[in-house]
Amino acid sequence: MKDSTKILLVIVLSMAVLVYSSVYAVLFVRSFADDAQVVNMAGVIRGSVQRVVKLELAGQSSGAVVAEIDDLLAEFLREEFTIEADGQGDFAARIRDLHSGWSRLKQVLDQYRDDPSAASLHLVNRISEEMWTAANDTVFLAQYTSEAKVSNFRLLLFALAAALVLLVALFFLTNQKVRNKLEVMATRDSLTGALTRAFFEEYLVREVERVRRYGTELSMIMLDIDHFKRVNDTYGHDAGDVVLHELGEVISQVIRRADILARIGGEEFAIIVPETDLADAAVLAEKIRQAVCNHRFGKVGDITISIGVAQFRSHDTENSLLKKADRALYQAKNGGRNRVVTVRK
């Protein structure tokens, strides 16, 4: 799988996590609000049941508190709150039990008013305790569910943060890849992979400055394909492009990593050879010539190259070094081609 495909897949998955997280967050906020309302309402019912019993047993009116409980239970039924709590029972059934328990408590309170006997008092206490327990269980259920939702929401927030970090990292990674690609496209010849002439000249200026500062050696190799026009005329320009492409590969395999290869003309190449004197540069040039002779260039077959080598001297400039290497190349051409010629001045 290509790197671009992998990056696209990760981006799609990260976006899916973001969308899912956003939707879940909205639903969570609504659901959490419902849970909070349930806790509040059930808590009020739980406390109000005790108040009703105390008031009735004290012979005081509990009408206002009874009306409050009636309204809360009616709202429970009307709103149809749904709370999902694994292993904690059915919330709707608990609300129904709470409602029926309240109806039963009001009945026994009416009986107690008519017959305040010990049996009636015992029944009131028992039913009120059952009612309180039912309300307390409802509060517990809502709290348990809310806590579970908060834990899940924390995990979701972690996943959301991880997805955002990943997207940011992918953005910078993709941006860097694009920049590197554009830089390569701007500095490299698309056919041979060698530097373009403009950037080659920039490198040459830097290398000359280095030589002048530190007194190191610097040489230049310039080469040209022999009878390249004949290749294009005989086999076509597509075959000529193949030759140029493969020639760039052959040269790159021979030169050192520190050496700088550039295509400076149609079939003409130049190589900056840092920290190398004329003799060693000539040895490298000969290795290149032999490697080209030993390589078969597709249907074109064998080709040869002519090479000129020059060394930078204290009186030289960038232009004079190029001209010396070019003069050596010209001599190699005139001397029969397929050879290396050096110039010392």
Side-chain angles (χ1 to χ4, degrees), residues 20-159:
Y20 173 80
S21 301
S22 301
V23 173
Y24 186 91
V26 173
L27 296 177
F28 170 81
V29 171
R30 294 178 180 176
S31 178
F32 191 75
D34 285 347
D35 295 346
Q37 188 175 359
V38 168
V39 170
N40 181 63
M41 292 168 61
V44 171
I45 292 174
R46 181 179 59 186
S48 297
V49 166
Q50 293 178 319
R51 288 180 59 200
V52 167
V53 173
K54 288 180 179 179
L55 288 171
E56 291 293 336
L57 295 182
Q60 301 179 14
S61 173
S62 62
V65 183
V66 170
E68 181 181 19
I69 296 175
D70 287 338
D71 291 342
L72 289 173
L73 287 173
E75 185 174 355
F76 265 130
L77 296 175
R78 182 173 60 253
E79 295 294 338
E80 297 182 350
F81 293 100
T82 57
I83 295 180
E84 299 176 0
D86 295 341
Q88 299 299 313
D90 179 46
F91 179 75
R94 293 199 180 198
I95 294 298
R96 291 192 296 269
D97 292 343
L98 194 63
H99 190 270
S100 62
W102 173 240
S103 298
R104 176 63 176 153
L105 180 59
K106 287 194 292 185
Q107 290 177 359
V108 297
L109 284 173
D110 289 339
Q111 293 174 5
Y112 176 78
R113 294 189 195 98
D114 296 336
D115 178 21
S117 62
S120 296
L121 178 61
H122 175 74
L123 185 60
V124 167
N125 287 331
R126 182 173 65 82
I127 299 300
S128 65
E129 288 179 2
E130 292 177 356
M131 179 64 184
W132 185 92
T133 300
N136 188 63
D137 288 345
T138 303
V139 172
F140 173 78
L141 175 61
Q143 289 176 336
Y144 171 87
T145 304
S146 295
E147 290 172 0
K149 287 178 180 178
V150 169
S151 297
N152 292 336
F153 191 65
R154 286 173 181 165
L155 292 176
L156 184 68
L157 288 178
F158 177 79

Listed by chain and number, what are the side-chain hydrogen bond (donor to acceptor under 3.5 Å, both in side chains) partners of Arg104, not counting sequence neighbours?
-> none

In terms of heavy-atom contacts, Tyr112 and Val124 come closest through CB-CG2, 3.8 Å

Pairs of donor and acceptor atoms involving the side chains of residues 113-120, under 3.5 Å and at least two apart or interchain, shall be tabulated with distances.
unit_1: Arg113; atom_1: NE; unit_2: Glu56; atom_2: OE1; d: 2.9
unit_1: Arg113; atom_1: NH1; unit_2: Asp110; atom_2: OD1; d: 2.2
unit_1: Arg113; atom_1: NH2; unit_2: Glu56; atom_2: OE1; d: 3.3
unit_1: Arg113; atom_1: NH2; unit_2: Glu56; atom_2: OE2; d: 2.8
unit_1: Asp115; atom_1: OD2; unit_2: Ser117; atom_2: OG; d: 3.4
unit_1: Ser117; atom_1: OG; unit_2: Ser120; atom_2: N; d: 3.2
unit_1: Ser117; atom_1: OG; unit_2: Ser120; atom_2: OG; d: 3.1
unit_1: Ser120; atom_1: OG; unit_2: Asp115; atom_2: O; d: 2.8

Euclidean distance, His122 NE2 relative to Ile127 CD1, rounded to 0.5 Å = 9.0 Å

Atom pair CG (Asn125) and CG (Leu57), whose distance is rounded to the nearest 0.5 Å = 6.5 Å

Are Lys106 and Asp70 close enough that some pair of their side-chain heavy atoms sits under 4.5 Å apart?
-> yes

Got Leu123 and Arg126 here, is their nearest side-chain heavy-atom distance under 4.5 Å?
-> yes

For Val53 against Ser128, the heavy-atom pair lying closest together = CG2-CB, 3.5 Å

Determine whether Met131 and Ile45 make a side-chain contact, defined as any pair of heavy atoms from C-beta on separated by less than 4.5 Å.
-> yes

Find the distance between CG (Leu98) and CG (Leu72) and round it off to the nearest 0.5 Å.
-> 10.0 Å

Minimum heavy-atom distance between Val52 and Ser62, given as atom pair plus value = CG1-OG, 3.9 Å

Gap between atom CZ of Arg46 and atom OG1 of Thr133 - 0.5 Å precision = 10.5 Å

Between CG of Leu73 and CD of Glu68, what distance do you get to the nearest 0.5 Å?
-> 10.5 Å

